[in-house]
Amino acid sequence: MPAAAAVPPSIAFTSLLYKCKAIQQFKQTHTQLIIRALNHPPKSFRPIISFASLNPHGDINYALLLLFQSSTPAQIFLFNTVIRGLSRLSRSHYLSTSLHLFYRLIDLNVAPNNFTFTFLFQGCASCAHFDLGTQLHGMVVKNSFAYDVFVKNSLIQFYSVCGRVRDARWVFDESDDLDVVSWNSMINGHVRNGEILEGLKLFDKMPQRNDVSWNSILGGLVRFGSVDDACRVFNQMPKRSLVSWVVLISGFAQNGRPKEALALFREMQSLDLEPNSAILVSLLSACAQLGALDYGNWVYSYIQKKCIKLDSILCAALIDMYAKCGSIDLAMQVFHSYGDKDVSAYTSAIFGLAMNGHSIEAFQLFENMKSKGISPDSISYIAVLSACSHLGWVEKGFYYFHSMFDVHGIKPELDHYACMVDLLGRAGLLEEAENFIASMPMKPDNVIWGTLLGACRVHRNAEMGQRIGNMLIESDQNHDGRYILLSNIYVETLKGENAEEVRKTMRKRKIKRAPGCSLIELDGVVHEFLAGDRSHEKTQEIYQFWEEIVKKIKNYGYNVETRSVMFDIEEEEKETVIGYHSEKLALAFGLICTKPGSVIRIVKNIRICSDCHSAMKLVSKVFKRKISIRDRKHYHHFEDGSCSCLEYW
DNA sequence: GTAGGGTTAG
């Protein structure tokens, strides 16, 4: 035998276990240990239980098994390690297991210590288990572990997460040995509960600030204050960490300011800072909002180049970006190439298929997901209901709506009801939609009524439209879109006077109509057009070319359709206004600047009008171009004279 | 070969 045999294998393997970094290495060593040492020597328990409990690739059940199999006397250290691992998993059944271990310790006459309580409070915080946490707090006070600053900090965190900011503050105020983490936890407690001013007050009083405190304030302003205030704080910060960039970039992306998100990222790049996956998710969301496919492609290639792990969030964001940029094929390529599909990857793909006019495939994917044993969640139901809506499949919609609770125990929320109202409304079943709203177990919100109002317009129901429209503009006076909808319903049902009344009210209340705006990306630069816009550097060319386009498509039967224009302008002017709708300018620009045969992609902030819709169909035929337009609600892929929406919109 | 906490993320 070689000289190494002199070292007893159990000790040799135990020391090897400490050195393992990767799961494969750990498993191999572990297997060898079991084979060569015939069993787990007591000394090997610590590294194995630590790895199994705490490593992301570990196995908490294995740790539990070993803990209970051990014939040596119970050691508080090992119990604490497993409780710590359980707490991290943030699932209530794991929290019960932790509690079970805690009582077992007491049964065995082993005293829990300050570590035990810290980990238990972390578990209570991650499951927001208020009752259990307060009971344990009582024990902590009795055992005077409450003097440990770690225990106190975990209590502050626990109460804050449970929304009990007063209790958290009580722990904080009672203590005289606070450290920087206590301050940060308390500031964050105020901020996450919407008490920004309290958070700021504490921030001002803080003896020393590190970047975590700044980031808490920054995050609070993004969530509950304003992104502009957050910007000001960002500019004042003595030192920014990666988290600061994450917060502000995602703040822009989530508040409908995608261009600023991209601009801030550019600034970050100029400082040679590398983005993490949270930033990439925000960039993808910004690209999705802008329809910026080239930029989105760049993000994807960056992920591949830097070998950034494609987790399920990043994967879902990529699928969403491609789908919203009109490239459903690329979206599905990402989806299929992703090995570890979870419900969010499926949901993004189902949404993407539905929104791009492939509802049948969306249903198939939903069924396919279930057959793989992945349970649909509340959001995936919204995706599949929207697929029903795109096809006008009312019965199927109700089938899914009922199966949600009956089969999967998911209670329908406002969004699901809104999908159903949209489905019924678009299918022309307006009264059924109204009855459905009346049957809701919760109070319908304005989004639901707005959905029905939209359906009233599509189906020209002036009576119901008037009733609901008036109710809506009174209950939410600042929403410009609903005034427009109502006045258009009047115009289209030949009730010009009523329409004029709506306009008057709008003027009196100083409500401005949000301008229609279209975006088109060219070589990574996003160009923006408003209706009748003359600010683009190629304006002259664009307008001239549009005139040529109109001449050509008129030969194929194009007639300017002015039905959906405001009623209070002359017929001739209507033609001019409608003639230069933003998507037409973007289209002309796209035709001038892109190679023949390439796809033209446009994103519009409001819904496309019927005149633009028929013009696009003809252009796709006459100029032999695929045109994809994403409007506020739907996708329109125009090809050879027809549209993927099949006129159902 | 006995450890622990605070900020971000669809």
Side-chain angles (χ1 to χ4, degrees), chain A residues 11 14-19 43-50 53-54 75-85 87-88 113-123 125 145 148-158 160-161 168 172 178-189 191-192 199 203 206 209-223 230 237 240-251 253-254 275-285 288 311-321 342-345 347-348 351 377 379-380 383:
Chain A
I11 295 178
T14 302
S15 80
L16 269 181
L17 280 169
Y18 278 110
K19 297 193 178 79
K43 285 208 166 171
S44 69
F45 273 62
R46 194 170 80 78
I48 296 171
I49 287 184
S50 296
S53 309
L54 304 176
Q75 299 168 44
I76 186 69
F77 179 87
L78 296 181
F79 272 71
N80 284 348
T81 305
V82 179
I83 292 176
R84 184 182 171 204
S87 294
R88 281 190 187 177
N113 61 15
N114 42 352
F115 288 93
T116 324
F117 283 106
T118 307
F119 300 143
L120 283 171
F121 287 129
Q122 282 165 9
F145 288 124
D148 183 297
V149 72
F150 285 90
V151 173
K152 273 186 294 204
N153 292 347
S154 63
L155 266 169
I156 294 172
Q157 178 77 359
F158 156 71
S160 305
V161 166
F172 182 84
L178 300 165
D179 65 6
V180 66
V181 177
S182 328
W183 283 83
N184 285 338
S185 304
M186 196 58 243
I187 290 174
N188 193 41
V191 162
R192 76 157 70 222
F203 180 72
M206 230 179 143
R209 298 181 192 132
N210 59 6
D211 48 352
V212 173
S213 351
W214 284 92
N215 289 337
S216 289
I217 296 291
L218 196 66
L221 289 172
V222 166
R223 250 182 295 164
M237 288 175 74
R240 297 170 190 151
S241 66
L242 188 64
V243 173
S244 326
W245 293 91
V246 171
V247 173
L248 202 54
I249 291 176
S250 70
Q254 280 170 34
N276 64 4
S277 87
I279 290 183
L280 297 171
V281 167
S282 295
L283 294 181
L284 289 169
S285 150
D311 60 21
S312 63
I313 296 175
L314 198 50
C315 173
L318 261 175
I319 295 171
D320 186 63
M321 180 277 292
D342 66 354
V343 67
S344 61
T347 303
S348 291
F351 257 127
D377 63 5
I379 307 170
S380 50

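In this text the structure is predicted, and so the values were computed from the model without any measurement.
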Trainee: List the residues meeting side chain to side chain donor-acceptor pair (under 3.5 Å) with A/Asp148, not counting sequence neighbours, and say none if there are none.
Mentor: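 In terms of side chain to side chain donor-acceptor pair (under 3.5 Å), with neighbours along the sequence ignored, A/Asp148 is linked to A/Asn114.
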Trainee: Verify the contact: side-chain N or O of A/Gln122 to OP1 or OP2 of B/dA3, cut-off strictly under 4.0 Å; return yes or no.
Mentor: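 No, no such contact exists.
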Trainee: Tell me: CD1 of A/Ile76 to P of B/dG4, nearest whole Å?
Mentor: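 One finds 15 Å between P of B/dG4 and CD1 of A/Ile76, rounded.
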Trainee: Give the nucleotide from the list B/dT8, B/dG4, B/dT7 with an atom nearest to the side chain of A/Phe150.
Mentor: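 Looking only at heavy atoms from C-beta outward on A/Phe150, the closest nucleotide is B/dG4.
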Trainee: Atom CZ of A/Arg240 to atom C1' of B/dT8: distance rounded to whole Å?
Mentor: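 These atoms are roughly 16 Å apart.
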Trainee: Considering only B/dT7, B/dG1, B/dA3, which nucleotide approaches the side chain of A/Asn80 most closely?
Mentor: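 Selected nucleotide: B/dA3.
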Trainee: Base, sugar-phosphate, or nothing: which does A/Asp377 touch, judged by heavy atoms less than 4.0 Å apart?
Mentor: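 Counting heavy atoms under 4.0 Å across all strands, no contact is made by A/Asp377.
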Trainee: Separation of A/Met186 atom CE from B/dT7 atom P, in whole Å?
Mentor: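 A/Met186 atom CE is separated from B/dT7 atom P by 13 Å.
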Trainee: From C-beta outward on A/Ser15, which listed nucleotide comes closest to its side chain: B/dA3, B/dG1, B/dT7?
Mentor: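 Of the candidates, B/dG1 comes closest.
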Trainee: Round to a whole Å and report the spacing from CD of A/Gln254 to P of B/dT8.
Mentor: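 One finds 12 Å between P of B/dT8 and CD of A/Gln254, rounded.
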Trainee: Is A/Phe119 stacked on the base of B/dG4, with ring centres under 5.5 Å apart and planes under 30° apart?
Mentor: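 A stacking contact does not exist, since A/Phe119 is not both close and nearly parallel to the base ring of B/dG4.
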Trainee: So if I take every side-chain heavy atom of A/Asn215 and compare against B/dG1, B/dT7, B/dA9, which nucleotide ends up nearest?
Mentor: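 For A/Asn215, the side-chain atoms sit closest to B/dT7.
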Trainee: Give A/Gln75 one of three labels, base, sugar-phosphate or nothing, depending on what nucleic acid heavy atoms sit under 4.0 Å from its own.
Mentor: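 Result for A/Gln75 = nothing.
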Trainee: From the list B/dG4, B/dG1, B/dT8, which nucleotide is the closest neighbour of the side chain of A/Asn276?
Mentor: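 Nearest to the side-chain atoms of A/Asn276, counting from C-beta on, is B/dT8.
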Trainee: Can you figure out which of B/dT7, B/dA3, B/dA9 approaches the side chain of A/Ser250 most closely?
Mentor: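 Ranking B/dT7, B/dA3, B/dA9 by closest atom to the A/Ser250 side chain puts B/dA9 first.
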Trainee: Please report, rounded to the nearest Å, how far the P atom of B/dT8 is from the CG atom of A/Asn210.
Mentor: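 Checked: the CG to P distance equals 14 Å.
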Trainee: Tell me whether the side-chain N/O atoms of A/Arg46 come closer than 4.0 Å to OP1 or OP2 in B/dT2.
Mentor: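 Yes.
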Trainee: Which whole-number value in Å describes the distance from A/Ile49 CD1 to B/dT2 C1'?
Mentor: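 After rounding, the gap between these two atoms is 13 Å.
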Trainee: Say whether, by atom type as modelled, one donor and one acceptor occur between the side chain of A/Ser285 and the main chain of A/Val281 under 3.5 angstrom.
Mentor: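 No, because the side chain of A/Ser285 does not come within donor-acceptor range (under 3.5 Å) of the backbone of A/Val281.
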Trainee: Going by distance alone, is a donor N or O of one side chain under 3.5 Å from an acceptor N or O of the other, for A/Ser348 and A/Asp320?
Mentor: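 Looking only at side-chain atoms, A/Asp320 and A/Ser348 do not form any donor-acceptor pair under 3.5 Å.
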Trainee: Across the strands shown, which category fits A/Thr118 at heavy-atom distances under 4.0 angstrom: base, sugar-phosphate, nothing?
Mentor: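 Base: the residue A/Thr118, judged by heavy atoms under 4.0 Å, touches a nucleobase.
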Trainee: What is the separation between atom CE on A/Met321 and atom P on B/dA9, rounded to the nearest whole Å?
Mentor: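 About 21 Å, once rounded to whole Å.
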Trainee: Mind checking A/Arg192 for me? I need base, sugar-phosphate or nothing, with any heavy atom below 4.0 Å counting as a touch.
Mentor: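 Sugar-phosphate only.
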Trainee: Choose from B/dA3, B/dT7, B/dA9 the nucleotide whose nearest atom is closest to any side-chain atom of A/Ala278.
Mentor: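 So the nucleotide nearest the side chain must be B/dA9.
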Trainee: Roughly how many Å is it from OH in A/Tyr18 to P in B/dG1, rounded to a whole number?
Mentor: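 Rounding to the nearest Å, OH of A/Tyr18 and P of B/dG1 are 8 Å apart.
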Trainee: Give A/Asp320 one of three labels, base, sugar-phosphate or nothing, depending on what nucleic acid heavy atoms sit under 4.0 Å from its own.
Mentor: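 Contact class for A/Asp320: none.
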Trainee: Among all residues two or more places apart in sequence or in another chain, which pass the side-chain contact (heavy atoms from CB on, under 4.5 Å) test with A/Leu178?
Mentor: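 By the side-chain contact (heavy atoms from CB on, under 4.5 Å) rule, A/Leu178 matches A/Phe172, A/Ser175, A/Ser182, A/Trp183.
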Trainee: Check this one for me: any side-chain N or O of A/Arg223 less than 4.0 Å away from OP1 or OP2 of B/dT8?
Mentor: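 So the side chain of A/Arg223 is within the cut-off, an N or O lying under 4.0 Å from OP1 or OP2 of B/dT8.
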Trainee: Nearest to the side chain of A/Lys19, heavy atoms from C-beta on, is which of B/dT2, B/dG1, B/dG4?
Mentor: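 Nearest listed nucleotide: B/dG1.
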Trainee: Will you find, in the side chains of A/Asn188 and A/Ser160, an N or O donor that is under 3.5 Å from an N or O acceptor?
Mentor: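 There is no such pair between these side chains.
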Trainee: Check A/Phe121 against A/Phe158 and note the closest heavy-atom contact, atom names and distance.
Mentor: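 In terms of heavy atoms, the two residues are closest at O-CB, 4.0 Å.
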